[in-house]
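Before any comments, here is the structure.
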Amino acid sequence: MRTPLVMGNWKLNGTKDSVTALVNGLIEPAKAATNVQTAICPPVVFLGQVEALVGDAPIAYGAQDASVNTSGAFTGENSPVMLKEFGCTYNLVGHSERRQYHNETDAVVAAKFKAIQENQLVPVLCIGETLEENEAGKTEAVVETQLKAVIDLCGVEALENAVIAYEPVWAIGTGKSATSEQAQAIHAHIRGWLAAQSATVAEKVQILYGGSVKAATAKELFSQPDIDGALVGGASLMAEEFGAIIAAAN
Ligand code: PEP
């Protein structure tokens with residue numbers, strides 16, 4: 001049995017005050033959901049504050065991106081070594097907004113995945129197709145290509161200590177979620193495709209769904225056999241709403 005993981009991606013949002021209120025508001029829902037791993041990905045400037053607020057509460061956290069380099073003359077970057085020092089467990093990699101606005105190719109994403117894992121952080125590999133690719137019937141081919149880039153560099157076993165987040169780009173921040181049947185179908189395809197390379201990896205890896213997940217849609221999504229939780233953007237900024245998504249996964 002895979003433990004469900006519910007992870008919030010705060011993107012470029014937050015103030016010192018809102019971070020305090022949000023983390024404090026998540027401690028009780030996270031404690032109550034004893035069968036769920038709860039995690040948040042704040043902007044890196046808030047990591048020290050999040051570390052102090054979380055204390056020993058069952059809320060893991062991580063960054064939304066990381067450098068492939070561990071130190072040196074790389075202005076503006078955040079090293080996975082530094083992120084680890086701040087108590088991060090996870091690290092998003094290949095989010096569609098990084099792919100789209102920062103030109104992160106599959107090769108860059110694979111290199112970042114490797115750097116994250118080499119520094120004992122758990123990569124959360126985001127994959128998913130655009131609307132155009134979806135309408136052209138290319139969803140399966142797109143996610144396979146995205147996964148293959150990582151597997152070619154790191155080996156399929158690397159996914160045993162990673163999380164996959166399937167996020168159709170057309171559903172992110174649009175309010176248009178995939179139906180639970182649509183999401184289950186592609187999750188099952190991903191797991192089957194992985195199983196052809198390693199049954200152990202396919203059985204173990206958590207595959208999260210992401211794309212406009214709300215409390216109202218969470219339960220139905222989580223009832224699907226191959227959906228192991230969610231990566232949540234907008235709804236993770238509201239403690240009550242995100243708390244209800246965590247409760248739905250429990
Ligand atoms: C995301 O940022 O990964 C995401 C899924 O966002 P939203 O829930 O707002 O669609």
Side-chain angles (χ1 to χ4, degrees), residues 4-14 18-19 22 26 29 36-44 46 50 59-66 88-102 104 109 112-113 116 121-131 133-134 139 142-143 146-147 162-180 182-184 186-187 190 206-222 224 226-249:
L5 169 61
V6 176
M7 181 174 284
N9 172 17
W10 293 2
K11 312 194 191 206
L12 187 57
N13 293 294
S18 74
V19 167
L22 186 46
L26 292 177
V36 179
Q37 295 167 339
T38 299
I40 50 177
C41 296
V44 285
F46 296 123
V50 166
I59 300 176
Y61 51 89
Q64 300 166 16
D65 179 41
C88 290
T89 300
Y90 295 103
N91 212 118
L92 298 185
V93 61
H95 191 282
S96 65
E97 288 151 17
R98 299 290 315 171
R99 293 179 190 261
Q100 185 181 353
Y101 305 133
H102 301 271
E104 290 194 4
V109 172
K112 287 190 171 188
F113 180 104
I116 289 164
L121 294 160
V122 178
V124 180
L125 175 63
C126 303
I127 57 173
E129 82 289 1
T130 61
L131 182 61
E133 289 163 341
N134 182 284
T139 300
V142 169
V143 297
Q146 291 170 332
L147 287 167
V163 175
I164 295 170
Y166 167 65
E167 302 202 294
V169 179
W170 48 269
I172 298 179
T174 58
K176 249 199 272 173
S177 176
T179 65
S180 53
Q182 281 173 323
Q184 165 57 26
I186 184 71
H187 280 229
I190 292 166
Q206 290 159 311
I207 308 179
L208 313 184
Y209 169 76
S212 299
V213 175
K214 307 268 182 290
T217 54
K219 204 160 190 163
E220 177 66 27
L221 284 163
F222 298 155
Q224 303 298 319
D226 289 296
I227 299 181
D228 305 316
L231 180 56
V232 185
S236 74
L237 296 169
M238 297 166 279
E240 204 175 320
E241 181 78 8
F242 192 56
I245 296 172
I246 295 165

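As the structure lists them, so they are numbered: ligands from 1, and atoms in each ligand from 1. Being a predicted model, the structure only gives us computed values, none of them experimental.
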Query raised in the report: Counting N and O atoms only, with roles assigned by atom type, does the side chain of Tyr209 sit under 3.5 Å from a partner on the main chain of Gly211, one being a donor and the other an acceptor?
Result: yes
Query raised in the report: Are side-chain heavy atoms of Leu26 and Thr38 found at a separation under 4.5 Å?
Result: no
Query raised in the report: Does any N or O in the side chain of Ser212 come within less than 3.5 Å of the main-chain N or O of Gly175, such that one atom is a donor and the other an acceptor?
Result: yes
Query raised in the report: Run the side chain to side chain donor-acceptor pair (under 3.5 Å) check on Gln64 and Glu97 step by step: do they pass?
Result: CA-CA 10 Å; Gln64 300 166 16; Glu97 288 151 17; over 6 Å; no
Report task. Compare all side-chain heavy atoms of Tyr61 with those of Cys88 and state whether any distance is below 4.5 angstrom. Result -> yes
Query raised in the report: So do Leu125 and Leu147 actually touch side chain to side chain, heavy atoms under 4.5 Å?
Result: yes
Report summary line: Within the heavy-atom cut-off of under 4.0 Å, ligand 1 is lined by Asn9, Lys11, His95, Glu167, Ala171, Ile172, Gly173, Gly210, Gly211, Ser212, Leu231, Val232, Gly233, Gly234
